[in-house]
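Note sheet for the following structure.
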Amino acid sequence: MLASSFKQRDDCMTTVEFREKGMYQQQKSREEHAFSAASFCKEVTELRLTSIDSQAATSRPEFKGITFRKASTGGFARSRNDVHELLDCTVCMNLMHPPIYQCANGHTLCSSCKARIQNCCPTCRHELGNIRCLALEKVAESLELPCVYQNLGCIDMFPYYSKLKHEKNCKYRPYNCPYAGGECRVTGDIPYLVMHLKDDHEVDMHDGCSFSHRYVKSNPQEVENATWMLTVFNCFGRQFCLHFEAFRLGTAPVYMAFLRFMGDDDDAKQFSYSLEVGGNGRKLIWQGIPRSIRDSHRKVRDSHDGLIIQRKLALFCSGNEGMELKLKVTGRIWRVSFFQKQKVAGVSDEE
């Protein structure tokens, strides 16, 4: 009996010790987690304060020329990576922008994904509700992040809420395929798109700055909306796309030819081109600046920024009493000089 009593007491003490040990480990885990979170917040705060202090100090005359060192470079790198992970949506893995939502257990997701799920947290399956994660939104306001096209050459940093606006117009963003014969969704840089046009769309490639094309239609009385991308020209080390379209301008059937530049608009303005069509003693000439492929071919067409030929005039130029449409389109591309740029911009020589 005495031995049994001692055994029961020992078992009871073992159970109590085990529970106390478990509670101690849980408490220790919570303290470590809290310490880690506090350290993280402290690093973010110190980083922000260091940046502010450095800017304020360098603006004072007595500190000119002095280089300030950011505290804890390793901590900065870790903090920034941790913040990036915190702002990644658990569903789409994209950066979250306010409003940022969370469930009762603290799992966050972006507003776009919240609208798609059925009020159920994708992480813990608890009811989601409409709880805003205001703390994470405040953290986001203090950040500067790299452009999503950093690996394509954009090295600038942007405030969190300016990042999306910049990326919509970033000059390093991929280009859409300029092929006009269909809705191609391929994107990439210019060299890739040139090979894509040649291999996948079988577009003709031409080296040189002058060209001549002939458009023939056996039944010119039928004018349906049609689009052709005739050729890609390699000129001055850059690429240009020649387009030809048939459509109705109001009720009048017309044909239109225009050139697009494979690059950004600022670079496109360095070039000019002319198009000429004629026959039977008549001639139409168009001169303009090629439009960047940032603008779709439909946008260029709807702006009428090209050589437009009325069908009646096109048939008259073709001869043969309108039995067959034969349009010969010739053109030339040249680089715009500094004085020509000034003239285009409306700057006088006196200025």
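In what follows, every heavy atom counts, from backbone to side chain, and hydrogens, waters and symmetry copies are set aside.
Between the side chain of Ser292 and the backbone N or O of Gly263, at least one donor-acceptor pair lies under 3.5 Å. Not one N or O on the side chain of Gln270 forms a donor-acceptor pair closer than 3.5 Å with the backbone of Val336. Side-chain atoms of Gln239 do not come within 3.5 Å of backbone N or O of Val194 as any donor-acceptor pair. Formation of a donor-acceptor pair under 3.5 Å by the Ser318 side chain with backbone atoms of Leu325 is not found in this model. For Asn176 (side chain) and Thr187 (main-chain N/O), no donor-acceptor pair under 3.5 Å exists by modelled atom type.
A cation-pi arrangement is present between Arg294 and Tyr175 under the rule of less than 6.0 angstrom and at most 45 degrees off the ring axis. Arg173 forms no cation-pi arrangement with Tyr149, by the criterion of a distance under 6.0 Å to the ring centre and an angle within 45° of the ring axis.
At least one side-chain heavy atom of Pro99 sits under 4.5 Å from a side-chain heavy atom of Glu137. Between Met256 and Phe247 the shortest side-chain heavy-atom distance falls below 4.5 Å. For the pair Val329/Leu275, a side-chain contact is recorded, criterion being any heavy-atom separation below 4.5 Å from C-beta on. Residues Val254 and Ile309 fail the side-chain proximity criterion, which asks for heavy atoms closer than 4.5 Å.
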>> Between Val300 and Ser296, does the side-chain contact (heavy atoms from CB on, under 4.5 Å) criterion hold? Intermediate values first, please.
In response: CA-CA 7 Å; Val300 180; Ser296 68; over 6 Å; no
> After noting the C-alpha distance and the side-chain angles of Phe233 and Phe240, does the key distance pass the ring-ring contact (aromatic ring centres under 6.0 Å, His included) rule?
Replying inline: CA-CA 5 Å; Phe233 300 99; Phe240 303 81; 8.0 Å; no
>> Applying side-chain contact (heavy atoms from CB on, under 4.5 Å) to Val277 and Ile285, what does each step give before you reach the verdict?
In response: CA-CA 7 Å; Val277 63; Ile285 299 176; over 6 Å; no
> Can you check side-chain contact (heavy atoms from CB on, under 4.5 Å) on Ile131 and Tyr101, steps first, answer last?
Replying inline: CA-CA 6 Å; Ile131 306 173; Tyr101 291 94; 5.9 Å; no
> Do Cys209 and Cys235 pass the disulfide bond (SG atoms under 2.5 Å apart) test, and can you show the C-alpha distance, the side-chain angles, and the key distance before you say yes or no?
Replying inline: CA-CA 5 Å; Cys209 299; Cys235 180; 2.0 Å; yes
> side-chain contact (heavy atoms from CB on, under 4.5 Å) between Phe211 and Ile333: does it pass, once the steps are laid out?
Replying inline: CA-CA 9 Å; Phe211 50 89; Ile333 306 169; 4.2 Å; yes
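Below 30°, between 30° and 60°, or above 60°: for His166 and Phe158 the angle between ring planes is below 30°, a parallel geometry. In this structure, His201 and His196 have perpendicular ring planes: the angle between them is above 60°, well past the 30° mark.
Taking a cutoff of 4.0 Å between a charged side-chain nitrogen and a carboxylate oxygen, Lys198 and Glu202 do not qualify as a salt bridge. The existence of a salt bridge linking Asp265 and Lys269 is confirmed by a sub-4.0 Å separation between a basic side-chain nitrogen and an acidic carboxylate oxygen.
The closest side-chain donor-acceptor pair between His107 and Thr90, if any, does not fall under 3.5 angstrom. A side-chain N or O of Lys114 and one of Asn130 form a donor-acceptor pair less than 3.5 Å apart. Using modelled atom types and a 3.5 Å distance limit, the side chains of Arg260 and His243 yield a donor-acceptor pair.
Atoms NE2 and OG, from His206 and Ser212 in turn, are 9.5 Å apart once rounded to the nearest 0.5 Å. Atom CG of Leu284 is separated from atom CG of Leu313 by 5.0 Å, given to the nearest 0.5 angstrom.
Shown are Asp302, Asp305, Asp264; of these, the salt bridge (Lys or Arg N to Asp or Glu O under 4.0 Å) with Arg291 is made only by Asp305.
Hydrophobic clustering, with ILVMFWY side chains joined whenever heavy atoms are under 4.5 angstrom apart, keeps Ile190 apart from Leu152.
Scanning both residues, Leu193 and Cys177, for their nearest heavy atoms gives CD2-CA, 4.1 Å.
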